[in-house]
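All remarks here apply to the structure that follows.
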Amino acid sequence: MKLAILSRAPRSYSTQRLRSAALNRGHDVKVLNTLRFGIDLAGDEPDLQFRGKPLSDYDAVLPRIGNSITYYGTAVVRQFEQMDVYTPNTAAGISNSRDKLRATQILSRHNIGMPATTFVRDRADVIPAIERVGGAPVVIKLLEGTQGIGVILAPEIKVAEAIIETLQSTRQNVLIQRFIKESKGRDIRALVVGDRVVAAMRRTAKGDEFRSNVHRGGSVERVELDPEYERVAVRAAQIMGLKVAGVDMLEADAGPLVMEVNSSPGLEGIEAATKLDVAGAIIDYIDNQVAFPHIDVRERLSVSTGYGVAEIVVHGDGAFIGKTLAESGLRERDITVLTLHRGTNVIPNPAARNILEADDRLLCFGRLEEMRSMIPDRKTRRSKVKKLPKHPINET
Ligand SMILES: Nc1ncnc2c1ncn2[C@@H]1O[C@H](COP(=O)(O)OP(=O)(O)O)[C@@H](O)[C@H]1O
Ligand SMILES: [Mg+2]
């Protein structure tokens, strides 16, 4: 395949490794400076210029977009998407994961464990917010921090309040997060490629530092991941729309808590710690995917009148329970079940003999009119899913 690596650091360890992994496999690979692209929008078809000249044809692009150029970088990636060039990480995935608030919001509806997090603006709401996540010591984070910069542990509520007010007065948005004490300055970085974890390491903070980032002096060691950690890492990356991702998780008493999903994970630390060929795994994955171009299902479906995708939930007292998919009558109503979600398991293309259980969720394709009566109404769903607040708050 012909692959473009988008990077402003051609000599960095990660870029070099990816480039040579591609070359070793006989691919044609170029490292292109993200900031040298031009996006021309006047022509008949989406196109890209590079260093002032029309870009040649590529099969795939591997974006390594740094934090400082998110806007421009994602615009370039989006243009490649318009041109049907395969990218493992989409522009939407990159921007969603980069903003810690946006990422947390997206993950929060998918049963992914995360440290209790809150976001407030008004001074009057700060102290109640800190108390809601468990009080001091409490973690304060800038929305777009990286390498541990912009992550602060405030020992007392008063100090936390002062830090938050100071940051907000300089127009910085901050997250307030429960401090996961039992993780003791350690965390797990899982490198996800496609639908599996190809390498994982534990990072341990230096001395009495609580941030385990390698840039903050943290040390790394290879770790055999518990299946639960593996599952959560893959799910988190998938939900964010990233096929190449570094998922950071804290080891809490209750299991893995996802802190962030990185769209351009560094390879040096993890390859050193695990002695695994992570770069090779990434290149092989892209090579395999090039044959399956990304299709925006919603966009394609919106043109086929009357048909669409909907999620049907099997109610506890409903007629579907105990029946097989074949007996459910869905097929006769022109409804195809694409996936069956049961708890945290996902069964793609479920067989007709699958027996339905209460709370199963069926992702279906069919006539919207036919499915309308079966989709749960918003209100019931909300009251069912929503956890009761610890301290009931009077909102009115
Ligand atoms: N809620 C928390 N509880 C305990 N430690 C945390 C918490 N949040 C972050 N940390 C520590 O701080 C480090 C940096 O936080 P993270 O959110 O990943 O920011 P960055 O994007 O700067 O890496 C983490 O790797 C972890 O060691
Ligand atoms: Mg991090």
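Model, not experiment: these values are computed from the prediction. Note that ligands are numbered from 1 as they come in the structure, with each ligand's atoms numbered from 1 the same way.
At the shortest separation from atom 19 (O) of ligand 1 among protein heavy atoms lies K100 NZ, 3.3 Å. With respect to atom 11 (C) of ligand 1, the closest heavy atom belonging to the protein is F210 O, 3.7 Å. Summary of contacts: the protein heavy atom closest to atom 2 (C) of ligand 1 is L250 CD1, 3.5 Å. Protein heavy atom in closest approach to atom 13 (C) of ligand 1: N213 OD1, 3.2 Å. Nearest protein heavy-atom contact of atom 25 (O) of ligand 1 is D187 OD2, 2.7 Å. Among all non-hydrogen protein atoms, the one lying nearest atom 17 (O) of ligand 1 is K141 NZ, 2.6 Å. The protein atom (non-hydrogen) at minimum distance from atom 15 (O) of ligand 1 is V151 CG2, 3.7 Å. For atom 9 (C) of ligand 1, the nearest protein heavy atom (residue, atom name, distance) is M259 SD, 3.3 Å.
Neither side chain, S95 nor T74, offers a donor N or O lying under 3.5 Å from an acceptor on the other. Side-chain contact check for Q177 and T117: at least one donor-acceptor pair (N or O, by modelled atom type) lies under 3.5 Å. Between the side chains of S56 and K30, not a single donor N or O lies within less than 3.5 Å of an accepting N or O.
At least one heavy atom of R203 lies less than 4.0 angstrom from ligand 1. The closest approach between any non-hydrogen atom of G148 and ligand 1 is below 4.0 Å. Distances from ligand 1 to the non-hydrogen atoms of R216 include no value under 4.0 Å.
Contact annotation for N262 and ligand 1: no heavy atom of the residue comes within less than 4.0 Å of the ligand.
Where the criterion is an N or O separation shorter than 3.5 Å, residue side chain and backbone included, S183 fails it with respect to ligand 1. Remark: ligand 1 and S212 share an N or O pair separated by less than 3.5 Å (distance only, no angle test). Checking only distances, I180 does come within under 3.5 Å of ligand 1, N or O to N or O. On a distance-only criterion, R211 and ligand 1 share no N/O pair closer than 3.5 Å.
Seen from the Mg ion (ligand 2), atom OE2 of E260 and atom OD2 of D248 lie 90° apart in angle, a value rounded to 10°.
A 4.5 Å side-chain heavy-atom check between L325 and R331 finds every atom pair outside the cut-off. For the pair I283/R25, a side-chain contact is recorded, criterion being any heavy-atom separation below 4.5 Å from C-beta on.
Per-residue contacts place R178 under 4.0 angstrom from the following atoms of ligand 1 (heavy atoms of the residue considered): 1 (N), 2 (C), 3 (N). Residue contact check: F179 has heavy atoms under 4.0 Å from atoms 3 (N), 4 (C) of ligand 1. Proximity to E260 (heavy-atom distance under 4.0 Å) selects the following atoms of ligand 1: 16 (P), 18 (O), 19 (O), 20 (P), 21 (O), 23 (O). Close approach of ligand 1 to V139 is summarised as follows: ligand atoms under 4.0 Å from at least one heavy atom of the residue are 1 (N), 2 (C).
Below 30°, between 30° and 60°, or above 60°: for F50 and F37 the angle between ring planes is between 30° and 60°, a tilted geometry.
Taken to the nearest 0.5 Å, the CG atom of N354 stands 8.5 Å off from the CG atom of D360. Put simply, NZ on K243 and CD1 on I282 are 14.0 Å apart, with the number rounded to the nearest 0.5 Å.
Tracing side-chain contacts under 4.5 Å through hydrophobic residues (I, L, V, M, F, W, Y), one never reaches F210 starting from V138; they form parts of separate clusters.
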